Asks: 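Let me give you the structure first, and then I'll get to my questions.
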Amino acid sequence: MKEIEESLIHVRNIFVDCPKRYGLTNDYLTKINNEIQDIMHVIELGTLDAVARVKMVNELKILRKKRRELKNELEILEIVKEFINQPKPNEKTISKILGSVRSRIELQGKRTYRMRERPDLQHYIK
């Protein structure tokens with residue numbers, strides 16, 4: 001009986017909690033993007049000494065890392081959202097979604113950034 005209860009908790013997490021989490025994560029991503037824009041405008045328009053510039057760049061780095069974490073989470077939640085929208089998932093569908101989530105997580109772990117316009121800066125990224 002305990003197994004059935006645990007299974008129902010997992011089902012609730014997928015069908016109830018994941019959509020809520022998707023909305024909250026999306027809202028938080030918007031907030032982070034706005035903070036990034038604020039800092040970029042301070043760098044562009046502000047009168048900053050060297051210490052203040054370094055502080056702004058450090059804040060920007062922290063926000064960009066958080067932004068990447070949120071975008072990675074949204075990628076996974078979008079796969080789950082696609083699953084939830086199906087009329088009646090069967091074993092094949094569930095296995096396919098699980099495979100997609102595993103593949104996405106693996107790709108996220110290997111993700112790198114290639115400079116688009118400034119290849120001379122690539123050596124700064126590890």
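As the structure is a prediction and not an experimental result, all values here were calculated from the model.
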Asks: Should we count CZ of R118 as having more than 12 external heavy atoms under 6.0 Å?
Replies: no
Asks: What's the shortest heavy-atom distance between M115 and L121, and which atoms?
Replies: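 Minimum heavy-atom contact is CE-O, 3.9 Å.
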Asks: Are R67 and K71 packed together at the side-chain level, in the sense that at least one heavy-atom pair is separated by less than 4.5 angstrom?
Replies: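 SC-SC contact between R67 and K71 confirmed.
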Asks: Report the residues that fulfil side-chain contact (heavy atoms from CB on, under 4.5 Å) with K81, sequence neighbours left out, ordered by chain and then residue number.
Replies: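 Testing K81 for side-chain contact (heavy atoms from CB on, under 4.5 Å), a comparison that skips the adjacent residues, returns Y22, N85.
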Asks: What distance separates R21 CZ from L74 CG, expressed to the nearest 0.5 Å?
Replies: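 Atom-to-atom, R21:CZ and L74:CG are 10.0 Å apart.
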Asks: Tell me, please, which residues at least two apart from I9 pass side-chain contact (heavy atoms from CB on, under 4.5 Å).
Replies: E5, R12, N13
Asks: Would you say Q122's side chain and Y113's backbone share a donor-acceptor pair under 3.5 angstrom?
Replies: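 Pair found, side chain donor or acceptor close to backbone of Y113.
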Asks: Counting neighbours of CE on M40 that are heavy atoms of other residues, nucleotides or ligands and sit closer than 6.0 Å, is the number greater than 12?
Replies: no
Asks: Consider side-chain contact (heavy atoms from CB on, under 4.5 Å). Of R64, E59, K65, which one does K61 pass it with?
Replies: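 When side-chain contact (heavy atoms from CB on, under 4.5 Å) is applied between K61 and each of R64, E59, K65, only K65 qualifies.
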Asks: Using every non-hydrogen atom in the two residues, find where R53 and L48 come nearest and quote the distance to one decimal.
Replies: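 Result for this residue pair: NH1-O, 2.8 Å.
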Asks: Assess the residue pair V42 and D38 against the criterion (side-chain contact (heavy atoms from CB on, under 4.5 Å)); give the C-alpha distance rounded to whole Å, side-chain angles, the decisive distance to 0.1 Å, and a yes or no.
Replies: CA-CA 6 Å; V42 167; D38 288 347; 5.6 Å; no
Asks: Could you tell me the separation between the CD1 atom of I39 and the CG atom of N58, rounded to the nearest 0.5 Å?
Replies: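 Between I39 CD1 and N58 CG, I get 10.0 Å after rounding to 0.5 Å.
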Asks: Could you tell me which non-hydrogen atom of H41 sits nearest to which non-hydrogen atom of Q37, and how far apart they are?
Replies: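 So the two residues come closest at ND1-O, 2.7 Å.
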Asks: Using a 4.5 Å cut-off between side-chain heavy atoms of Ile, Leu, Val, Met, Phe, Trp and Tyr, which other residues end up in the same hydrophobic cluster as I97?
Replies: V11, I14, F15, I76, I79, V80, F83, I84, I94, V101, I105
Asks: Strictly by modelled atom types, are N72 and R104 linked by a side-chain donor-acceptor pair under 3.5 Å?
Replies: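 Result is no, nothing qualifies.
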Asks: I'd like to know if E106 pairs up with K110 as an ion pair, taking the criterion as any Lys NZ or Arg NE/NH1/NH2 lying under 4.0 Å from an Asp or Glu carboxylate oxygen.
Replies: yes
Asks: Should T93 and K88 be marked as a side-chain contact (heavy atoms from CB on, under 4.5 Å) after you check the CA-CA gap, both sets of side-chain angles, and the distance that decides it?
Replies: CA-CA 9 Å; T93 304; K88 184 179 178 193; over 6 Å; no
Asks: From L29 CG over to E69 CD, what is the distance, rounded to the nearest 0.5 angstrom?
Replies: 11.5 Å
Asks: What is the distance from atom CG of D17 to atom CG of L77, rounded to the nearest 0.5 Å?
Replies: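 Output value for this atom pair is 11.0 Å.
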Asks: Test salt bridge (charged side-chain N to carboxylate O under 4.0 Å, His left out) on E75 and R111; report intermediate values, then the result.
Replies: CA-CA 13 Å; E75 281 183 346; R111 184 176 282 155; 3.1 Å; yes
Asks: Would I43 end up clustered with I36 when hydrophobic side chains under 4.5 Å apart are linked, directly or stepwise?
Replies: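 They do share one cluster, since a chain of ILVMFWY contacts under 4.5 Å joins I43 to I36.
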Asks: Could you measure the distance from the CG atom of L60 to the CD atom of E35? Nearest 0.5 Å is fine.
Replies: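 The distance works out to 10.5 Å.
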Asks: Rounded to the nearest 0.5 Å, how far apart are OG1 of T25 and CD1 of I32?
Replies: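 Nearest 0.5 Å value for the OG1-CD1 distance: 11.5 Å.
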